[in-house]
Amino acid sequence: MDYDLCLRSALLDLESWAIVLTGFTVSVFLMRFEKRAFAVTCFLTTLVLATSWAYFYYELNCVEHRYS
């Protein structure tokens, strides 16, 4: 796998998007009960987790392809 394909797969990582969609769903559910601050905090936390998951996927799988 070349570097461009690896980078594309890191951005389209299924686990990262599942984390974001789960956080969004929980946030919408919490907003229906008028817990806005907790909903925003929950969504931002899951967004950070998904970003870090995608970054670690990139570091583990793509960095060695970039320099080889």
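All of these numbers come straight from a predicted model, not from anything done at the bench.
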Shortest non-hydrogen separation from Gly23 to Thr46 and the atoms involved: CA-OG1, 3.5 Å
Between NZ on residue Lys35 and CZ on residue Phe29, distance to nearest 0.5 Å: 11.0 Å
Over all atoms of both residues, closest heavy-atom pair of Ser16 and Trp53: OG-CD1, 3.3 Å
Separation of Phe43 CZ from Thr25 OG1 (nearest 0.5 Å): 10.0 Å
Closest non-hydrogen atom pair between Leu49 and Ser52, with its separation: O-OG, 2.8 Å
hydrophobic_cluster_shared for Val26 and Val40, side chain cutoff 4.5 Å: no
Between CG on residue Leu44 and OG on residue Ser27, distance to nearest 0.5 Å: 8.0 Å
Within one Ile-Leu-Val-Met-Phe-Trp-Tyr cluster: Tyr58 and Phe56, side-chain cutoff 4.5 Å: yes
Leu30 to Phe38 - nearest heavy-atom pair and separation: CD1-CD2, 3.3 Å
